[in-house]
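The structure appears right after this line, and notes come after that.
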Amino acid sequence: MCGIVGYIGKSAAPPILINGLRRLEYRGYDSAGMAIVDHGKIVVAKAAGKVANLNDKAKAEWPASRFTESSYGIAHTRWATHGPPTEVNAHPHLDQSGDIAVVHNGIIENYRSLRAKLEAKGSKFVSETDTEVLAHLIGDRYRGDLFQAVCDALHQVEGTFGIAVISAKEPGKIITARRGSPIVLGIASGETIVASDASAILSHTQRVIYLDDNDIALVTADHVDIRDLNNVPVNREISELEFDAGSAEKGGHEHFMLKEIFEQPDCLRNAIRGRLDFSIGSSVLSGMGTSPRDLAEIHRVVLVGCGTSLHSGLIGEYAIEDLADTLAEVQQAAEFRYRNPIIGRNDLVLAISQSGETADTLAAVREAHQKGAFVMGLCNVVGSTIARETGRGIYLHAGPEISVASTKAFTSQVAVLLMIALKLGRARRFSREDGLAFALGIESIPSLVEKVLESNDKIAQLAEGYLHQQHAFFIGRGPMYPVALEGALKLKEISYIHAEGYHAAELKHGPIALLEKGTPVIALANDIPGKDKTLGNIEECKARGARILGLITEGDEEAAAVMDDIITIPACHPLIATIPTAVALQLFAYHIARLRGCEIDQPRNLAKSVTVE
Ligand code: AGP
């Protein structure tokens with residue numbers, strides 16, 4: 001959602017704030033702003049659009065001294081929730097006095113009633129945002145102690161927040177707090193950074209403190225005082241980030257997405273490393289904190305997630321049922337909490353989330369805890385809220401995923417899910433020999449992906465034949481059905497082509513009415529059980545004039561004969577084939593979007609981490 005940066009230290013703040021926003025722009029980018037204190041006054045610069053617009057505007061409006069003399073400030077890049085993405089709605093927002101500035105990530109559910117009360121007391125609002133109400137509320141509560149005023153104001157708030165606050169009346173400090181939206185503090189020597197996520201901190205330090213829900217902190221250049229909202233001190237450990245600033249750069253690629261697609265062999269090696277035990281033909285996932293006996297008591301696995309993380313969960317469902325002979329089901333995280341799920345102590349709930357901050361998935365985690373289930377997280381961001389609230393689980397170790405379209409996290413999620421299925425299976429009827437064969441298959445995944453990446457130029461050339469389409473259908477069976485869904489999501493979210501994924505058998509039950517001459521059907525016809533039926537579905541599409549791009553297993557002449565275009569995938573176990581097949585579809589979507597001149601890393605209307613329900 002939104003990106004927050006606060007800086008206080010020995011360097012000039014505005015350039016640091018702008019650079020921090022650039023690193024967070026993938027979280028939301030429809031408007032931006034920053035606030036500093038200059039000669040005892042809060043000064044604010046705001047702009048609609050990208051962070052670059054803010055930088056240009058501040059350079060045009062502010063005297064040069066402001067870029068060199070101010071040593072602290074706050075900034076924000078917005079993904080609009082209340083009020084259109086205009087300059088007036090951009091953060092920071094000020095209180096009535098103009099002496100207090102606030103940036104906020106989250107949603108204040110009761111902002112209308114708060115606004116009415118404040119207007120009755122004389123507040124005049126200039127924006128349509130919930131955040132401006134919070135600024136006025138803090139100002140209304142201010143009695144000479146900013147920390148206490150923020151505490152008092154937040155006690156009135158229902159909803160979620162990650163905030164940073166400065167006041168012209170109390171220079172040299174930032175107040176920050178969180179409930180439901182992440183805040184991380186970067187602890188460097190003589191300077192402190194406040195941010196929505198660690199990517200804005202990496203260039204300063206790898207020493208960080210993650211705030212918990214209902215934490216509030218008073219931050220100065222060399223001190224952090226963290227308390228709860230009742231002003232009681234709390235202890236939060238300093239942790240060390242796994243990655244340095246370089247890992248959040250493009251590495252010479254045109255887009256983060258292409259870099260992250262090509263990083264996948266290494267990311268998959270990181271995800272697999274040390275987690276396979278060939279002596280027992282199983283996986284070693286110490287983060288699960290479970291003995292074989294604990295696993296034997298699990299009667300069902302419920303996988304919850306959103307978007308791409310939902311799709312990896314669907315592959316996990318196939319894998320767990322196939323390898324572990326255990327009931328598994330996927331539930332859309334947003335639905336989970338509201339359907340009063342029938343779960344209990346013998347259910348393992350796997351919360352899948354790259355960011356570890358997705359509000360819908362976090363809500364599902366909390367509901368699963370409430371019902372007494374065994375809850376684990378599959379996250380990429382160490383120390384993220386879901387990782388901490390589940391208390392156990394498996395990190396992907398895929399490194400920062402900057403591009404809004406998830407690629408390396410997806411394939412690492414699938415690899416981890418395959419290892420979970422293997423571990424569960426070996427605690428049941430899956431034999432050592434079968435386990436060993438599957439473990440060797442998992443170990444081969446990085447090289448299978450490298451083989452598909454070698455087809456990048458061919459896929460780029462193929463993409464030229466599909467970039468002017470308005471609609472596209474992705475079809476697959478078995479574990480390739482979720483891959484079809486994921487391929488459609490990749491294409492639609494970065495190229496804006498209307499793409500839908502369907503089970504191959506489903507097309508004839510209605511959607512086939514949409515096929516016209518030349519409509520592209522991307523068919524996952526890998527040599528897996530049901531392929532012959534998929535080939536039949538493809539013939540049904542061809543009979544209606546569709547153009548067929550087939551993803552087929554290397555050497556499968558039968559499948560090749562029915563396709564108009566083909567991408568070959570190395571032969572491997574059907575569950576393992578999901579990963580190289582997905583990589584081919586990532587490249588397909590990327591090149592179409594590139595050829596269409598789309599804003600690939602930051603597609604319109606999207607944000608990297610959806611921290612609102
Ligand atoms: C995927 O390309 C999208 N960016 C989106 O669907 C994403 O997967 C979803 O919002 C879930 O995010 P999470 O994995 O961080 O929870």
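Counting starts at 1 for both ligands and their atoms, following the listed order.
- Closest to atom 16 (O) of ligand 1 among all protein heavy atoms lies T358 OG1, 2.5 Å.
- The aromatic rings of H104 and H91 sit parallel, their planes meeting at an angle under 30°, below the 60° perpendicular limit.
- Under 3.5 Å, the side chains of H369 and R366 contain no donor-acceptor pair of N or O atoms.
- Of the N or O atoms in T361, none lie within a sub-3.5 Å distance of an N or O in ligand 1.
- Aromatic ring orientation, F588 versus Y466: perpendicular (interplanar angle above 60°, classes split at 30° and 60°).
- Counting only N and O atoms by type, the side chains of T581 and N526 include a donor and acceptor under 3.5 Å apart.
- Not one N or O of G356 is nearer than 3.5 Å to an N or O of ligand 1, by distance alone.
- A405 counts as a contact of ligand 1, since one of its heavy atoms falls under 4.0 Å from the ligand.
- Shortest contact from atom 7 (C) of ligand 1 to any protein heavy atom: T308 N, 4.1 Å.
- The CG atom of L587 lies 11.0 Å from the CG atom of L462; values are rounded to the nearest 0.5 Å.
- Both the sub-6.0 Å distance and the 45° axial angle are not jointly satisfied by R596 relative to the ring of Y496.
- Within the listing of ligand 1, atoms 1 (C), 2 (O) sit less than 4.0 angstrom from a heavy atom of S406.
- If you check which protein heavy atom lies closest to atom 14 (O) of ligand 1, you get S309 OG, 2.6 Å.
- Checked for salt-bridge contact, E109 and R179 miss the test: no charged N lies under 4.0 Å from a carboxylate O.
- The protein atom (non-hydrogen) at minimum distance from atom 4 (N) of ligand 1 is V404 O, 2.7 Å.
- Under the 3.5 Å distance criterion, with hydrogens and angles disregarded, no donor-acceptor pair is assigned to the side chains of S384 and E357.
- When heavy-atom distances to ligand 1 are checked against a 4.0 Å cut-off, E493 comes that close only through its side chain, counted from C-beta outward.
- Counting heavy atoms under 4.0 Å from ligand 1, residue K490 touches it through the side chain alone.
- Annotation: atom 10 (O) of ligand 1 to nearest protein heavy atom, V610 CG2, 4.0 Å.
- Closest protein heavy atom to atom 9 (C) of ligand 1: C306 O, 3.6 Å.
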